[in-house]
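Here is the structure we will look at, set down as structure tokens.
Worth saying up front: this structure is predicted, and the values here are computed from it rather than measured.
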Amino acid sequence: MKPLKRRVRRSILVAHVAVSVSWLGLTVGLLTLSLTAFRTGDPALAHASTRAMKVFGDWLVVPVALASLISGLVLALGTPWGLTRHRWVWTKFWLTLVTVGLSVFSLRPGIDAAAAQGSVDVDLVIAPAVASATYLFITAISVLKPWGRTRRGRLGVSAVPR
């Protein structure tokens, strides 16, 4: 892919950070709602919590997850960071890919089932807790950029934008 011009790169970076942080906030919101539904003794509150989770799941989970994945890929492929030059970028890519898949094929169906029942089992508490921890980890490695270059990155050393 041709390198992105500075203005385009910076715009995509802002969009990527915004959508990625939104994904973290969304999972924290889902965790809060699932904990509420799981722990409450009030069936009406449990039902309201699962209905709110369904709104998040139907309208936000997939678009936000895909936007994070796509904007990250564009940045990786359109900048000297590359997708396979740095271990932290490669790790972010695979964790994002796995969590997008889990969001689409596991979390959303679990939310749909909980909304139909009006209650949550422990699996729907664990899923957003693990997702939130994963996104916090991804955020941390984005800031800290640990582990250095991959073998491929050491062979083709290039300047990296700041």
Minimum-distance pair of heavy atoms, taken over all atoms of His16 and Gly72: ND1-N, 3.3 Å
With Phe38 via ring-ring contact (aromatic ring centres under 6.0 Å, His included) - residues at least two apart: none
Ala18 and Ser22: which non-hydrogen atoms are nearest, and at how many Å? O-OG, 2.7 Å
Which residues pass the side chain to side chain contact (heavy atoms under 4.5 Å, CB included) test with Pro3, sequence neighbours left out? none
I want to check something: taking the side chain as every heavy atom from C-beta on, are Thr50 and Ser119 in contact at a cut-off of under 4.5 Å? no
In the single-linkage hydrophobic clustering (I, L, V, M, F, W, Y; side-chain heavy atoms under 4.5 Å), do Phe56 and Val130 co-cluster? yes
Checking Thr96, Leu97, Val89 against Phe93 for side chain to side chain contact (heavy atoms under 4.5 Å, CB included), the one that qualifies is Leu97
Decide whether Ile138 and Val62 are clustered together by the hydrophobic rule: side chain heavy atoms of Ile, Leu, Val, Met, Phe, Trp, Tyr closer than 4.5 Å, transitively. yes
Honestly curious: do Val21 and Leu66 fall in one hydrophobic cluster under the side-chain, below-4.5 Å linking rule? yes
Any donor-acceptor pair under 3.5 Å from Arg85 side chain to Pro80 backbone: yes
dist Leu136:CG -> Leu24:CG (nearest 0.5 Å) comes out at 5.0 Å
Ignoring hydrogens and angles, tell me if any N or O in the side chain of Ser68 forms a donor-acceptor pair with the backbone of Val64 under 3.5 Å. no
State whether a side-chain donor-acceptor pair under 3.5 Å links Thr99 with Thr134. no
In Å and rounded to the nearest 0.5 Å, what is the CG to NZ distance from Leu83 to Lys92? 11.0 Å
If hydrophobic clusters are built from ILVMFWY residues whose side chains come within less than 4.5 Å, do Val19 and Val8 share one? yes
Please name all residues satisfying salt bridge (charged side-chain N to carboxylate O under 4.0 Å, His left out) with Lys54, sequence neighbours left out, ordered by chain then number. Asp58, Asp112
Find the distance between OG1 (Thr40) and CG (Leu35) and round it off to the nearest 0.5 Å. 11.5 Å
With the side chain counted from C-beta on, respond yes when Lys5 and Arg9 share a heavy-atom pair under 4.5 Å apart, and no when they do not. no
Shortest non-hydrogen contact between Gly57 and Ile111, atoms and distance: CA-CD1, 4.3 Å
Just how far is it from atom CH2 of Trp81 to atom CG of Leu75, taken to the nearest 0.5 Å? 11.5 Å
Quick one, Arg108 and Ser103 - any side-chain contact, counting heavy atoms below 4.5 Å? no
Once side chain to side chain contact (heavy atoms under 4.5 Å, CB included) is applied, do any residues pair with Val55, and if so which ones, sequence neighbours excluded? Trp59
With hydrophobic residues grouped by side-chain heavy-atom distances under 4.5 Å, do Leu60 and Leu102 end up in a single group? no
Within-4.5 Å side-chain heavy-atom neighbours: Arg151 and Arg154: yes
Considering residues at least two apart in sequence or located in another chain, which fulfil the side chain to side chain contact (heavy atoms under 4.5 Å, CB included) criterion with Val143? none
Taking side chain as C-beta onward, heavy atoms only, is His86 less than 4.5 Å from Thr150? no
Thr84 side, atom OG1; Arg149 side, atom CZ - distance, nearest 0.5 Å: 11.0 Å
Mind running side chain to side chain contact (heavy atoms under 4.5 Å, CB included) on Ser20 and Thr139 for me, showing each step along the way? CA-CA 8 Å; Ser20 297; Thr139 301; over 6 Å; no
Heavy-atom closest pair (Ser49 atom, Thr36 atom, distance to 0.1 Å) is OG-CG2, 3.4 Å
Nearest non-hydrogen partners of Ala115 and His47, listed with the distance: O-CE1, 4.2 Å
Do the non-hydrogen side-chain atoms of Leu124 and Met53 ever get within less than 4.5 Å of each other? yes
Using a 4.5 Å cut-off on heavy atoms from C-beta on, say whether the side chain of Leu30 contacts that of Leu107. yes
Can you list every pair that meets ring-ring contact (aromatic ring centres under 6.0 Å, His included) and has a residue in residues 94-139, with sequence neighbours left out? Trp23-Tyr135, Trp90-Trp94
Do Leu31 and Val125 come close enough that some side-chain heavy atom pair is under 4.5 Å? yes
What distance do Ile126 atom CD1 and Asp121 atom CG have between them, rounded to the nearest 0.5 Å? 8.5 Å
